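The next block holds one structure in the form of structure tokens; read it before the comments.
Values in this document were obtained by computation on a predicted structure and should not be read as measured data.
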Amino acid sequence: MKYKKLLATGLCAVMVLAGCGSSKTASTSSTTSTTSTAEASSEAAAATSEASYDSAPTTSENLNEVKDMSTLVTLGTYKGLTLVAPEGTVTANGMTVNLDYKGTIDGTAFDGGTAQGQNLKLGSGSFIDGFEDQLVGHKKGDQVTVTVTFPEDYGVDSLNGKEAQFDCTINEIYEQTADEAMQTLISESKVKAYPQDLIDSWTRYFQNQYQQAADQAGQSVEDYMKSIGYTDEMTQANVKNYAKGELVARAVMKAEGITEDSQEYKDAQDKVLAMYGVSSLSDASSMGLDDTGARFMTEYEVLVNVIQENAAS
């Protein structure tokens, strides 16, 4: 069961650097819950209005032909980062815990109420009110029974207003997750120039996203964009932010000798495809994951893995 109040669609699910917002809805699906494309676009619009990005120039170089990525981006630190908290650390708001949990109501397990290896940032408000508070003040290995009451309007008849108990095991405590470290790395890195083909690729990606959202809303793209208050400047911010993320990922891959033919890349791509329940890029495309999205999500997985493998012991 996913108690998160939002697991945004598409690339918002893996990158927050472009300003994906958050909603206050909840889901009890046993699979990853999502907002609609229109909702996600609207939320992103509000957040991206405050987004900032490197105002670096564009270059006519083709990204795939660049041999020295340092001509495009100066990397922040991605090696030797502290991820796992020291032994004996007591959990506090702001820390991320990795949990196993099993939920029951009146002693009976309910559909979707069990998860293993779930990361949760305490104090984020991602789970049902009161859930995270009861995990504060504990250590790795502790078993904690969390008692919460589902809201009356939770949206599932069998859960609305019901008190539930969750038997939780704290597997690990993180000072920061690899995902959070990745966000910091991207923020600290400095773009010198954006290849025009990369900007064009992300521009097409977002244009397609807007078109899908407009079609879903039964509006023209222009009317839809106006209805959610989305401006051209916000689009440019999204394009530049995702382009920056990709440049950082490419630079790290280059530094680590990882190419699209490397096993690390292939394994990461397989993981991305598995998230969509497919085994090939062509099948993923039929489900709305185009080449740009698939490439970026794969590079994201590679980057997170590199950070984890090079973290301080």
Heavy-atom closest pair, residues [X] and [Y]:
X      : Y      : answer
Ala284 : Leu273 : CB-CD2, 3.8 Å
Tyr101 : Gly113 : CD1-O, 3.6 Å
Thr149 : Ile128 : O-CG2, 4.0 Å
Gly103 : Phe110 : C-CE2, 3.4 Å
Lys140 : Glu172 : NZ-OE1, 3.3 Å
Ala56  : Ala193 : CB-N, 4.0 Å

How long is the straight-line distance from [atom2] of [Y] back to [atom1] of [X], given to the nearest 0.5 Å?
X      : Y      : atom1 : atom2 : answer
Cys168 : Gln118 : SG    : CD    : 10.5 Å
Ile199 : Thr59  : CD1   : OG1   : 11.0 Å
Leu303 : Glu256 : CG    : CD    : 10.0 Å
Asp283 : Leu289 : CG    : CG    : 11.5 Å
Ser158 : Asn160 : OG    : CG    : 8.0 Å
Asn241 : Met234 : CG    : CE    : 13.0 Å

Has the side chain of [X] got a donor or acceptor atom that lies under 3.5 Å from a matching backbone atom of [Y]?
X      : Y      : answer
Gln269 : Thr298 : no
Asp142 : Lys139 : yes
Lys192 : Ser70  : yes
Ser262 : Tyr265 : no
Glu132 : Phe127 : yes
Asp223 : Gln219 : no
Ser285 : Leu281 : no
Asn310 : Tyr78  : no
Thr108 : Thr104 : no
Gln165 : Gly107 : no

Hey, does [Y] have a side-chain heavy atom less than 4.5 Å from the side chain of [X]?
X      : Y      : result
Glu163 : Thr147 : yes
Val248 : Leu75  : yes
Phe296 : Trp202 : yes
Thr58  : Pro195 : no
Asp197 : Glu61  : no
Leu185 : Val252 : yes
Gln176 : Leu81  : yes
Thr145 : Phe166 : no

**Study point:** SB check Glu152 Lys162 (cutoff 4.0 Å)
**Key:** no
Review point. Does a salt bridge link Arg295 with Glu246, judged by any charged N lying under 4.0 Å from a carboxylate O?
Key: yes
Exercise for review: Apply the test side-chain contact (heavy atoms from CB on, under 4.5 Å) to residues Ser189 and Thr74: give CA-CA distance (whole Å), side-chain angles for both, the deciding distance (0.1 Å), then the verdict.
Suggested key: CA-CA 6 Å; Ser189 299; Thr74 300; over 6 Å; no
Enclosure of [X] [atom1] (heavy-atom neighbours >12, cutoff 6.0 Å):
X      : atom1 : result
Gln116 : CD    : no
Asp291 : CG    : no
Asp68  : CG    : yes
Lys102 : NZ    : no

Side chains of [X] and [Y] only: does a donor on one sit below 3.5 Å from an acceptor on the other?
X      : Y      : answer
Gln212 : Asn208 : no
Tyr210 : Thr235 : yes
Asp200 : Gln196 : yes

**Study point:** Shared hydrophobic cluster for Tyr174 and Val304 (ILVMFWY, side-chain gaps under 4.5 Å)
**Key:** no
**Study point:** ILVMFWY cluster, Val84 and Ile307 together (side-chain gap under 4.5 Å)
**Key:** no
**Study point:** side-chain contact (heavy atoms from CB on, under 4.5 Å) between Asp215 and Val221, intermediate numbers included
**Key:** CA-CA 8 Å; Asp215 291 344; Val221 172; over 6 Å; no
**Study point:** With sequence neighbours excluded, residues passing side chain to side chain contact (heavy atoms under 4.5 Å, CB included) with Ala92
**Key:** Met95
Review point. How would you list all residue pairs meeting side chain to side chain donor-acceptor pair (under 3.5 Å) that involve residues 82-100, not counting sequence neighbours?
Key: Asn98-Asn119, Asn98-Asn171, Asp100-Asn171
Check your understanding: Are the aromatic ring centres of Tyr242 and Phe206 under 6.0 angstrom apart?
Key -> yes
Check your understanding: Is there any salt bridge (charged side-chain N to carboxylate O under 4.0 Å, His left out) pair reaching into residues 304-313, and which pairs are they, with sequence neighbours excluded?
Key -> none
Review point. Could you walk me through whether Val191 and Leu247 pass the side-chain contact (heavy atoms from CB on, under 4.5 Å) check?
Key: CA-CA 8 Å; Val191 175; Leu247 284 177; 3.9 Å; yes
Exercise for review: Could you walk me through whether Arg250 and Leu63 pass side-chain contact (heavy atoms from CB on, under 4.5 Å), step by step?
Suggested key: CA-CA 9 Å; Arg250 290 284 192 102; Leu63 178 58; 3.4 Å; yes
